[in-house]
Amino acid sequence: MADKPKNTDVPEIETESPDLSQCRLEQVQEPAVIVIFGASGDLTRRKLFPSLFALYRNGLLPENVCIVGASRSEYSHEEFREIMRRSVEPESGGQPENWAGLARRLFYNPVSYDDPESFTGLNRFLEGLDSSYATRGNRIFYLAVPPTVYPVIAGQLGRAGLAEEDSRNGNWVRFVVEKPFGHDLESARELDKALHSSFAEHQIFRIDHYLAKETVQNILMLRFANSIFEPLWNRRYIDSVTISAAEQLGVEHRAGYYDRFGVLRDMFQNHMMQLLALCAMEPPSHFEADRVRDEKTKVYRCLRPFPTQELDSFLVLGQYASGRINGAAVKGYREEPQVRQGTLTPTFAAMKVFVDNWRWQGVPFYLTSGKRLAEKRTEIKVQFKQVPNSMFRAVLGEDIAANRLTLGIQPREEIHLRFQTKVPGPKVCLRTVKMHFDYNQGLTGPVLEAYEKVLLDCLLGDQTLFWRQDGVELCWGFLTPILIECDCPDQGKRLHPYEAGTWGPEEVKNLLPSLPGPHR
Ligand code: NDP
């Protein structure tokens, strides 16, 4: 008898070192002034400025760049620089490396959103920067303010002439907004109308930072740069697709916003729909913004409307009660500060969705997302069908575990392929093994954080990772029937409580083939 082979449960895939010089982004050449409205707020401090600073340190900002904070708070340039400095201060304290270089290009300009004079003043200030720093009239207006303020700012920028691109000078102006893009179809259309009163579609960048995560971008590479997956990627071989985005966090400091939006508007209308489209779309003819977005839009057009008469077979909603996360007691949703008393806002949803086209007819896509779940884990599980005929029937029976491809998005960025092999030895026995690829394996270069990537794409004018309005409206339209149901006063009967630190309400077991989680 031969020696027992070494444990090969998790065989590693060898990676070939890529030629990184081929992968490096060309330096952004075009100068620009980046104006952040709402610069006194949380998003600017936690995400935007640290991302801009990281881009600067990696040499990915244009040489002639200025950053202008704008909000109602009164700061001097120096006070604002100090707030931003603290947002990137190393844990050990002291000056961040290369701080001085960016600090001298960092400014603050207070604005009053209802005063047109304030915007003509801003215009003069920006023109002054163009003269001093050769920023050539190129502008990015990044709106880090509550969404109710988007139309006001768009209108004021338009009236002050700040939205105009001048074909003679070749300058560009981009207007960047964060989700949520409305709270239903009607408000999304109203918002769009307001933005278009000043800006053309090519100027509007609707951010979904989820799309900029490396492993989300990798879905298209995996599907369309390999010939082994695509022939199987259809109803003939795939049994179901489960897309789950589980969070351990509760609503934290955003409870006021969250209680008005809930999980359907906060996660499903945007991130979950994007992941679905990336899994289900046809290959675009080119990897180019409008070609990619055209294909996503086609998926949204094929979504089968929810049967409102039998919604319980397609949708489970939940709200977290108190429980334990990592051994520590946590409050229930209704006890969180700023959450309305007796609120019926869902913090968990699981839904079964069908894409009615030739590729996917009859294949369920299970989408699930929630707060205060057992783990932070975003992943896509592609469950293949069982073999059509088992030649091992006599010895193994019919039930051979089917193949499964798992794409881990966060916190572990990885790919697993589950398949069957023979157990070494004289008997005919099968065992399930997993091939595992760690996305960061073998890579040495800098990896861009999601906000770094979206900011860089705004500077490059590349809209591939940004929402187009037709997609926004189709997704709102798809979710509208269940939003209406959920917003009606007796929706409480559909809202199932779940203990914080679990995988959601018990009822979800009737809907999903397996719960999200490591080895289910
Ligand atoms: P904040 O609530 O911190 O607001 C940002 C700034 O906007 C405030 O500092 C305030 O500045 C100004 N502001 C607040 N209310 C008003 C108002 N009614 N009218 C005019 N200005 C106002 O928001 P965040 O920084 O958390 O988020 C900004 C945007 O980004 C929002 O649209 C949010 O939905 C989105 N977002 C945020 C994320 C986050 O992690 N924070 C994640 C994803 C999206 P001042 O008073 O000085 O004018």
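Indexing begins at 1, ligand by ligand and atom by atom, following the structure's order. Bear in mind the structure is a predicted one, so any value in this text is a computation, not a measurement.
In the model, Tyr210 has a side-chain atom that pairs as donor or acceptor with a side-chain atom of Thr378 under 3.5 Å. A donor-acceptor pair shorter than 3.5 Å can be found between the side chains of Asp266 and Tyr257. Side-chain contact annotation: Asp208 with Trp467, donor-acceptor N/O pair under 3.5 Å present. Donor-acceptor pairing under 3.5 Å is recorded for the side chains of Tyr142 and Glu178. Side chain to side chain, Glu375 and Trp503 fail the donor-acceptor criterion of an N or O pair below 3.5 Å. Looking at Gln463 and Arg293, their side chains do bring a donor and an acceptor atom within 3.5 Å of each other. A donor-acceptor pair shorter than 3.5 Å cannot be found between the side chains of His196 and Gln203.
Ionic pairing of Glu414 and Arg412 is present here: one or more N-O contacts between side-chain nitrogen and carboxylate oxygen are shorter than 4.0 angstrom. For Glu449 and Lys453, the salt-bridge test fails: no basic side-chain N is under 4.0 Å from an acidic carboxylate O. A salt bridge is defined here as a Lys NZ or Arg NE, NH1 or NH2 lying under 4.0 Å from an Asp or Glu carboxylate O, and Arg291 with Asp294 meets this definition. No salt bridge links Glu79 with Arg81; every basic N to acidic carboxylate O contact stays at or beyond 4.0 Å.
The residue among Val145, Val111, Leu48 with a heavy atom at the shortest distance from atom 29 (C) of ligand 1 is Val145.
Between His253 and ligand 1, a contact under 3.5 Å exists for no N or O pair. Checked by distance only, ligand 1 and Tyr113 stay at 3.5 Å or farther apart across all their nitrogen or oxygen atoms. Between Ser73 and ligand 1, at least one pair of N/O atoms sits closer than 3.5 Å. At under 3.5 Å, a nitrogen or oxygen of Gly41, whether backbone or side chain, sits near a nitrogen or oxygen of ligand 1. Geometrically, ligand 1 and Val149 share no nitrogen or oxygen pair separated by less than 3.5 Å. Between Tyr451 and ligand 1, no N or O atom pair is found at a separation short of 3.5 Å.
Residue contact annotation: Tyr150 has a non-hydrogen atom under 4.0 Å from ligand 1. Taking a 4.0 Å cut-off on heavy atoms, Arg46 registers as neighbouring ligand 1. For the pair Lys47 and ligand 1, no heavy-atom separation below 4.0 Å is found. For the ligand labelled ligand 1, residue His209 lies outside the 4.0 Å heavy-atom shell.
Atoms of ligand 1 lying under 4.0 Å from any heavy atom of Ser71, numbered from 1 in the order shown and given with element: 11 (O), 45 (P), 47 (O), 48 (O). Each of the atoms 5 (C), 6 (C), 7 (O) of ligand 1 lies under 4.0 Å from some heavy atom of Gly38. Under a 4.0 Å criterion applied to the non-hydrogen atoms of Pro146, ligand 1 contributes the atoms 7 (O), 13 (N), 14 (C), 15 (N), 16 (C), 22 (C).
Atom 43 (C) of ligand 1 has as its closest protein heavy atom Glu178 OE1, 3.7 Å. Atom 10 (C) of ligand 1 has as its closest protein heavy atom Ser40 OG, 3.8 Å. Closest protein heavy atom to atom 5 (C) of ligand 1: Ala144 O, 3.3 Å. Counting only heavy atoms of the protein, atom 36 (N) of ligand 1 lies nearest to Arg254 NH2, 3.5 Å. Protein heavy atom in closest approach to atom 26 (O) of ligand 1: Asp42 CB, 3.6 Å. Shortest contact from atom 25 (O) of ligand 1 to any protein heavy atom: Leu43 N, 2.8 Å.
No side-chain heavy atom of Lys352 sits under 4.5 Å from any side-chain heavy atom of Leu315. Side chains of Tyr320 and Glu499 form no contact here, defined as non-hydrogen atoms less than 4.5 Å apart.
Here Arg72 has heavy atoms under 4.0 Å from ligand 1 in both its backbone and its side chain.
Atom 48 (O) of ligand 1 is approached by the protein to below 4.0 angstrom, counting heavy atoms only. For atom 23 (O) of ligand 1, no protein heavy-atom neighbour is present inside the 4.0 Å cut-off.
For Tyr451 and His209, the ring centers sit closer than 6.0 Å to each other.
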